[in-house]
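Inspection log for the structure reproduced underneath, given as structure tokens.
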Amino acid sequence: MEASRGTDEESLSRKALAGDRGAWDALVARHHRRVVVSLLARGVRVDRAHELAQETWARLIQQQQRGLLTELRLPNLALTQAAFLAADDARRVRRESISGAVEELPERQHPVDPSVSAERRLLSEEQLSRAHAALAQVSPSARSVFLLACDGQELPHAEVAAKVGLSVQRVRQILCEVRKKLRTALEEETHA
Amino acid sequence: MLKPHLTRDSAEQYILGALAPEKAAALEAHTLECEPCAVLLQEEALLSEQLTEAASTFPQEERVIRPAAWHARRAVTGAAIAALAAAASLALVLLTGDKAPHPSLPDSLDSRPPMVAVDLDDGDSPTKTNVVACPDLATQDFCTRKAAERGLLVMNPGGTAEVPRYEAHTGLPEGALSARQPVSL
Ligand SMILES: [Zn+2]
């Protein structure tokens, strides 16, 4: 099943690289939410996050049409493109705040460091091992649901549900439970 | 401000894509007017990204094949290094035979910190790209970690090599190849 999904993604990517609009649409549908979430995580306003996510896909398709895309690895390419657009945005905001009041902006509106790529590490080594330890504590079935849904491949919850033989509702319930445990694990670290 | 404030649950449901479109739209509209709720949404989005990182690096046996219990002394001969590299290449072959082991983290070896493929020049085994150098002290930890995740050997400025800290299902005899300690080259 994993393999078929990988193949599916690969064949979609190949078609998209060849300019197949339907393949692009399928890839956008699959990865758009993650792009928006990644922008929200950077403190981009939700309306702007949607605009930047749209712009991200437009740029990628444009690059493909110009023959500038030789490889299409999603979601990372889209996340990187979105991060650049967000950084551009932030630079423009900084220029526009003539009074140099950047420091006074709320934290979430601070300009994004342009050198930060989509692959920035969000967790310290210690946080990561705490998260892994917490994940190792949950039941194997909950863990596999979580890993299927959250490993970055954007498997829709309906597909996760089909794979593990649970309802979509139950899958989401499990995701929320695991998420709470991991949140606690990560918060413990910051208070330690 | 007509809409209700976000709760952690509603923010979470939104991030998971579990809200009906009209509810999602109402939530979004609210965050544009209410800074605390915008911050809450950002926190949930950030947690989501962090969890993706945790999930994609979770040492799941189906996803990461670990060459078992590596133990070695500092004085390791070139032949042993080549053997380690060969083991790493075996791990890589097994990994790539499945699917990308860390799908959300591709390219990091190529694009981030200075990291150089090292030519081992050992002829018949396909190990040349299985050893990388992490020459920049500033990014060495990151570089090493990324390499370890990929089952690559790492050469540091100090001339040490680090091997993947994986336990394994490679079919290799237990303890046949090992190096928990850094070994000199
Ligand atoms: Zn509010």
Side-chain angles (χ1 to χ4, degrees), chain A residues 2-3 5-7 9 33-34 36-47 49-50 71 73 75-77 79-80 106-108 117 119 121-123 125 127-128 130-132 134-136 143-144 146-153 156-157 168-169 172 175-176 178-180 182-183 185-186, chain B residues 8-9 11-19 24-25 27-33 35-60 62-63 97-113 141-142 145-146 149:
Chain A
E2 285 297 300
R5 174 168 175 83
T7 311
E9 179 88 18
R33 166 160 294 277
R34 174 78 193 285
V36 171
V37 170
S38 76
L39 289 165
L40 292 176
R42 288 172 184 268
V44 177
R45 279 165 53 112
V46 71
D47 53 347
H50 282 294
E71 208 182 357
R73 285 205 253 173
N76 267 58
L77 185 61
L79 296 177
T80 304
E107 180 62 28
R108 54 181 291 276
S117 90
E119 290 172 17
R121 282 265 157 181
L122 297 169
L123 297 173
E125 198 66 57
Q127 282 178 313
L128 206 54
R130 275 173 188 267
H132 288 169
L135 203 46
R143 186 163 57 241
S144 61
F146 177 79
L147 291 173
L148 277 172
C150 302
D151 72 347
Q153 286 305 287
H157 295 164
V168 172
Q169 200 186 10
R172 286 179 176 157
L175 289 178
C176 288
V178 175
R179 195 177 158 95
K180 280 188 180 67
L182 294 187
R183 182 207 307 280
L186 294 176
Chain B
R8 202 158 285 283
D9 276 350
E12 195 172 73
Q13 294 295 312
Y14 172 85
I15 296 294
L16 288 176
L19 288 186
L27 181 148
E28 290 182 351
H30 179 84
T31 64
L32 296 178
E33 301 172 341
E35 181 63 20
C37 285
V39 171
L40 179 61
L41 188 64
Q42 182 190 359
E43 285 171 5
E44 288 304 311
L46 183 58
L47 178 66
S48 202
E49 291 291 279
Q50 289 173 326
L51 296 193
T52 298
E53 184 175 316
S56 64
T57 54
F58 187 71
Q60 190 191 20
E62 289 82 354
R63 184 159 41 199
D98 187 11
K99 68 168 199 174
H102 295 290
S104 73
L105 302 165
D107 282 337
S108 43
L109 284 184
D110 315 316
S111 58
R112 283 290 295 289
D141 285 351
F142 178 85
R145 190 169 62 220
K146 300 308 293 178
E149 282 170 12

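For the numbers below, each heavy atom of this structure counts, side chains included, while hydrogens, waters and symmetry mates do not. Numbers restart at 1 for each chain; the letters A, B, ... are given by sequence-line order, proteins then strands. Everything quoted here is computed from the prediction, not taken from an experiment.
Listed by chain and number, the residues in a side chain to side chain contact (heavy atoms under 4.5 Å, CB included) with B/Ala29 are B/Lys3 (sequence neighbours excluded). Evaluation of the salt bridge (Lys or Arg N to Asp or Glu O under 4.0 Å) rule for A/Arg33 yields no partner, not counting sequence neighbours.
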task: Apply side chain to side chain contact (heavy atoms under 4.5 Å, CB included) to B/Leu47 and A/Leu186, showing your working.
output: CA-CA 9 Å; B/Leu47 178 66; A/Leu186 294 176; 3.8 Å; yes

- prompt: How far apart are the C-alpha atoms of B/Gln50 and A/Leu182, what are their side-chain angles, what is the distance that settles it, and do they pass the side chain to side chain contact (heavy atoms under 4.5 Å, CB included) test?
  reply: CA-CA 10 Å; B/Gln50 289 173 326; A/Leu182 294 187; over 6 Å; no

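Across every non-hydrogen atom of B/Ala54 and A/Ala131, the tightest pair is CB-CB, 3.9 Å. Residues A/Cys176 and B/Leu16 come closest through the heavy atom pair SG-CD1, 3.7 Å. Contact record, B/Glu49 with A/Ser38: OE1-CB, 3.4 Å, taken as the closest heavy-atom pair.
To the nearest 0.5 Å, atom CZ of residue A/Arg45 and atom CD of residue B/Glu35 are 9.0 Å apart. Atom CG of A/Leu40 and atom OG1 of B/Thr31 lie 8.0 Å apart (nearest 0.5 Å).
Proximity of A/Asp47 to B/Glu28: side-chain heavy atoms (C-beta onward) are nowhere separated by under 4.5 Å. Between A/Arg34 and B/Ser48, the closest side-chain pair of non-hydrogen atoms is not below 4.5 Å. You'll find the side chain of B/Leu51 reaches within 4.5 Å of the side chain of A/Phe146, heavy atoms only.
Of the residues considered (B/Asp9, B/Leu27, B/Leu41, B/Ile15), B/Ile15 shows the highest number of contacts with chain A, using heavy-atom pairs under 4.5 Å. Taking chain B as the reference chain and counting heavy-atom pairs below 4.5 Å, the highest number among A/Arg179, A/Arg172, A/Lys180 is found for A/Arg179.
When atom types are taken as modelled, the side chain of B/Glu53 and the backbone of A/Leu123 share a donor-acceptor pair closer than 3.5 angstrom.
If you measure heavy-atom distances from A/Leu175 to chain B, the contacts under 4.5 Å come from the side chain alone.
Remark: B/Glu44 engages A/Arg183 in a salt bridge, criterion side-chain N to carboxylate O under 4.0 Å.
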